[in-house]
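I have placed the structure first, in the form of structure tokens, so that the comments after it can refer back to it.
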There are 2 protein chains.
Amino acid sequence: MKLLTKDSDYAIRTLMHLALHPHEFISTKQISDGQGMPYQFLRRIVQKLISHNLVESKEGIRGGIKIKREPEDIKIIDVMQIFQGPVQLSACMFRNKLCENRANCVLRRELQRIESIVRNEFRDVSIQKLINGIKG
Amino acid sequence: MKLLTKDSDYAIRTLMHLALHPHEFISTKQISDGQGMPYQFLRRIVQKLISHNLVESKEGIRGGIKIKREPEDIKIIDVMQIFQGPVQLSACMFRNKLCENRANCVLRRELQRIESIVRNEFRDVSIQKLINGIKG
DNA sequence: TTAAACTGATACTAAACTGGTATCAGAAGG
DNA sequence: CCTTCTGATACCAGTTTAGTATCAGTTTAA
Ligand code: FES
Ligand code: FES
């Protein structure tokens, strides 16, 4: 079970980097080089961050990207949802259709409980908190 | 992010079923039919449970499978580890090699913290607990 | 005014994983 | 000896993951 995929990972690191220089446009190339991430892969990731309004961009030779929201307000669960979709339990059995006694299903209940714990943990970590290395 | 794959799911349900009839050998066919799981898929899953000593089997016409350990002692994290491998964070960046300042990496630290929370939760749920629907 | 350094938008790829199916062999029991 | 079971594999299609490539358009500064 992998908690974080590469794209979420790279995205978070990129946001951390941007949060440290909130007033300048930094090129994706510079970030990918500096952090050892594959450039074209990061390009695609960055475009998603832009389309989700976490980052803004400027085209042209002195262009680049810049963080658009407060680092406190960007939780890593937001980033994960963009790249990995929602935290979800195993789909209900009986292939297509949901089974009847969902309300009573104990496995389902436990999974939902754990699921919400996981969500809360990832919601508690912001980009700022990562930068601080402390509660944020 | 999916917490439970189908094989873990089916394995857990199978163990629950076996735990309810701890003294008889039940055929895989009977279980797959009864629970709406694909037979051949479940066969493969059951073989893994056997090779990991959670279940024992008897060949031949009145054969089948039987639970081998106490339902209290089988935690769902054990089952998940068999089918999904360990709960792990995103691999360290800089492709193959681990990066230098691992000790200082805040993202890594947070992920490890959350990882251990998840592990503990899944370690706290046993087959017996699922059957009871209460603390066990 | 044009070359260089950027982003926008997509298309492509190989490898791994997921969920499922199929086969053939051999054991046990009546 | 026939049926019901397991053991052991091999196969398969669809999706996901991680990464690469291409071409077009924008901006700036020499
Ligand atoms: S699996 Fe559908 S409710 Fe439990
Ligand atoms: S990514 Fe390797 S230590 Fe943070």
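As the structure is a computational prediction, the values presented were derived from the model and not from experiment. Below, chain A is the first sequence line, B the second, and so on; all start at residue 1.
A donor-acceptor pair under 3.5 Å links the side-chain atoms of A:Arg109 to the main chain of B:Gly133, judged by distance alone. Panel note: side chain B:Asp73, backbone B:Glu70; no donor-acceptor pair is recorded below 3.5 Å. Looking at B:Asn120, its side chain does come within 3.5 Å of a backbone N or O of B:Ser116 through a donor-acceptor pair.
Atom-to-atom, NZ of B:Lys6 to P of C:dT21 comes out at 13 Å; the value is rounded to the nearest Å. Distance CD1 (A:Ile45) to P (C:dG8): 15 Å, rounded to an integer number of Å. Atom CZ of B:Phe25 and atom P of D:dG7 are 11 Å apart (whole Å). One interatomic measurement links the two molecules: CD of A:Glu56 to P of C:dC6, which rounds to 17 Å at whole-angstrom precision. Distance A:Arg13 CZ to D:dA18 P: 13 Å, rounded to the nearest Å. One atom, CG of A:Leu42, and another, P of D:dT17, lie 18 Å apart when rounded to the nearest Å. As rounded to whole Å, 14 Å separates atom C1' of D:dA24 from atom CD of A:Gln40. Counting to the nearest Å, the P atom of D:dC23 and the CD atom of A:Glu59 are 19 Å from each other.
Between B:Gln84 and B:Lys58, it is B:Gln84 whose nearest contact on DNA chain C lies nearer the 5' terminus. Annotation: of the two residues near DNA chain C, A:Ile61 and A:Ile50, the 5′-most nearest-nucleotide partner is A:Ile61.
Contact of the B:Arg43 side chain with the B:Thr28 side chain is registered, since non-hydrogen atoms from C-beta on lie closer than 4.5 Å.
Closest to the B:Thr5 side chain, of the nucleotides C:dG19, D:dT27, D:dT3, is C:dG19. Distance from the side chain of B:Pro38 is smallest for C:dT21 among the nucleotides C:dT21, D:dA21, C:dG8. Nearest nucleotide to the side chain of B:Phe41, out of D:dT27, D:dA18, C:dG19: C:dG19. Residue A:Lys2 has its side chain nearest to D:dA18 when only D:dT6, C:dG8, D:dA18 are considered. Set against D:dG19, C:dT21, C:dG8, the side chain of A:Tyr10 has D:dG19 as its closest nucleotide. Ranking D:dA8, D:dA18, C:dT7 by closeness to the B:Arg43 side chain, first place goes to D:dA8. Side-chain atoms of A:Arg62 lie closest to D:dA29 of the nucleotides D:dA29, D:dT6, C:dT7. Checking C:dT7, D:dG7, C:dT23 against every side-chain atom of A:Ile65, the shortest atom distance belongs to C:dT7.
Taking the side chain to side chain donor-acceptor pair (under 3.5 Å) definition, one finds that B:Gln84 meets it with B:Thr5, B:Ser8, sequence neighbours left out.
Taking a cutoff of 4.0 Å between a charged side-chain nitrogen and a carboxylate oxygen, A:Glu72 and A:Lys129 do not qualify as a salt bridge.
Taking side-chain N and O atoms only, B:Ser57 has a distance below 4.0 Å to OP1 or OP2 of D:dG7. Remark: B:Thr28 is not in phosphate contact with D:dC5, judged by side-chain N or O atoms under 4.0 Å from OP1 or OP2.
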key: side-chain contact (heavy atoms from CB on, under 4.5 Å) assessment of A:Ile12 paired with A:Ile76   = CA-CA 7 Å; A:Ile12 291 169; A:Ile76 69 176; 3.9 Å; yes
query = How does protein contact run along nucleotides 11-17 of chain C, one letter per nucleotide 5' to 3', with B for base contact, S for sugar-phosphate only, - for none, heavy atoms under 4.0 Å?
reply = B------
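Both the sub-6.0 Å distance and the 45° axial angle are not jointly satisfied by B:Lys6 relative to the ring of B:Phe41.
In this structure, B:Lys48 reaches neither bases nor backbone, as no heavy-atom distance under 4.0 Å exists between it and the strands shown.
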